[in-house]
**Student:** 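I have a structure here, written as structure tokens, and I will follow up with some questions on it.
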Amino acid sequence: MKRFLAPAIAALLIFAAGAIAGWSSRKAPADARAYAGMRLVAVQVALDEAPAAYDFLAGDSQTELQPGDQRPCGRALVNGGVSGATSSAYADYLATLRFPVRPTAASLTIGTNDLLLKNRPRGVDAASRFEASAERIVRGLQGVTDRVVVTALPPVGREIAAFVDAGAVGDYSDRLKALCGRLGCTFTDPFADLRDGATGYAKPGALRDGLHLAKFRPAIQALAPALCGG
């Protein structure tokens, strides 16, 4: 089993990391849509067979790569992450999902794939589109659960500085915080210990490939107080 599992995990990492580098490729959008279509089938199966009490994890690859055996609130997790998803794409994906059983709580980690430098993410238009898409996601989650937790964007590695605007990490995180203040979701930063100050970059060793966390379980542990509530 290990002989087959390692290549599968490696392929997922390459795809998700390639969402950054591949943004400039004509083929990348089609590949991303094809992957999302397959991924959403798996997510819907998990939702259709969800237990009576569970938490739903929404977002991009930082969510999808979370190990599924964790129970931060003593409840099962249904992982709805889609690697490579922008905020706009994930808003569309979420709208296609059915929730036969309401989750006890839901978390959202999104935004890294919106940081492409060539799109000027801190420009007024791009930032407004991000906020509008994030609001669509939050409202969608609020329609299926009473507790929605939104995280700050995780930091990025200096290795991908040629592709992404690290300065937008803090800006978009602030926008999400303000959004929660307006919509009534809970904002938290489970990646605080990974940040190199306010640069938007990660501390050395915090990421495995310039994009994904070197260790995923500590992020869920840091998210738990907000996700589990009082």
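Quick caveat: nothing in here was measured; it's all calculated off a predicted structure.
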**Student:** Would you check, one step at a time, whether the test side chain to side chain contact (heavy atoms under 4.5 Å, CB included) holds for Leu211 with Thr112?
**Tutor:** CA-CA 9 Å; Leu211 177 62; Thr112 298; 3.4 Å; yes
**Student:** Going by side-chain hydrogen bond (donor to acceptor under 3.5 Å, both in side chains), name the pairs with one or both residues in residues 123-139, residues two or more places apart or in two chains.
**Tutor:**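 Qualifying pairs, neighbours excluded: Asp92-Arg136, Glu131-Arg175, Glu135-Arg139, Glu135-Arg182.
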**Student:** Could you tell me whether the side chain of Tyr172 and the main chain of Leu115 form a donor-acceptor pair under 3.5 Å?
**Tutor:**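 Looks like no, no N/O pair under 3.5 Å.
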**Student:** Can you list the residues that meet the side-chain contact (heavy atoms from CB on, under 4.5 Å) rule with Asn119, with sequence neighbours excluded?
**Tutor:**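 So Asn119 forms a side-chain contact (heavy atoms from CB on, under 4.5 Å) with Leu116.
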**Student:** Give, for atom CG of Leu176 and atom CG of Leu153, the distance between the pair rounded to the nearest 0.5 Å.
**Tutor:**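 Atom-to-atom, Leu176:CG and Leu153:CG are 6.0 Å apart.
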**Student:** Under the salt bridge (Lys or Arg N to Asp or Glu O under 4.0 Å) rule, what pairs show up with a residue in residues 148-159, not counting sequence neighbours?
**Tutor:** Arg158-Asp196
**Student:** Using the test side-chain hydrogen bond (donor to acceptor under 3.5 Å, both in side chains), find all partners of Asp193 that sit at least two apart in sequence or belong to another chain.
**Tutor:**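 Counting only residues at least two positions away or on another chain, Asp193 forms no side-chain hydrogen bond (donor to acceptor under 3.5 Å, both in side chains).
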**Student:** So does Leu183 get a backbone contact from the side chain of Gln142, meaning a donor-acceptor N/O pair under 3.5 Å?
**Tutor:**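 Side chain of Gln142 to backbone of Leu183, a donor-acceptor pair under 3.5 Å: yes, one is there.
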**Student:** When you measure from the side chain of Asn79 to the backbone N and O of Thr63, does any donor-acceptor pair fall under 3.5 Å?
**Tutor:**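 Looks like yes, one N/O pair under 3.5 Å.
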**Student:** Using atom types as modelled, flag every donor-acceptor pair under 3.5 Å from a side chain in residues 48-58 to any protein atom, sequence neighbours excluded.
**Tutor:**
{"residue": "Asp48", "atom": "OD1", "partner": "Gln44", "partner atom": "NE2", "Å": "2.8"}
{"residue": "Tyr54", "atom": "OH", "partner": "Val101", "partner atom": "O", "Å": "2.6"}
{"residue": "Asp55", "atom": "OD1", "partner": "Arg75", "partner atom": "NE", "Å": "2.9"}
{"residue": "Asp55", "atom": "OD1", "partner": "Arg75", "partner atom": "NH2", "Å": "3.0"}
{"residue": "Asp55", "atom": "OD1", "partner": "Ala105", "partner atom": "N", "Å": "3.4"}
{"residue": "Asp55", "atom": "OD2", "partner": "Arg75", "partner atom": "NE", "Å": "3.3"}
{"residue": "Asp55", "atom": "OD2", "partner": "Arg75", "partner atom": "NH2", "Å": "3.3"}

**Student:** Using distance only, find each side-chain donor-acceptor pair of residues 213-225 under 3.5 Å and give its atom names and separation, not counting sequence neighbours.
**Tutor:**
{"residue": "Arg217", "atom": "NH1", "partner": "Asp69", "partner atom": "OD1", "Å": "3.0"}
{"residue": "Arg217", "atom": "NH2", "partner": "Asp69", "partner atom": "OD1", "Å": "3.1"}
{"residue": "Arg217", "atom": "NH2", "partner": "Asp69", "partner atom": "OD2", "Å": "3.3"}

**Student:** At what distance, to the nearest 0.5 angstrom, does OH of Tyr93 lie from CG of Asp60?
**Tutor:** 11.0 Å
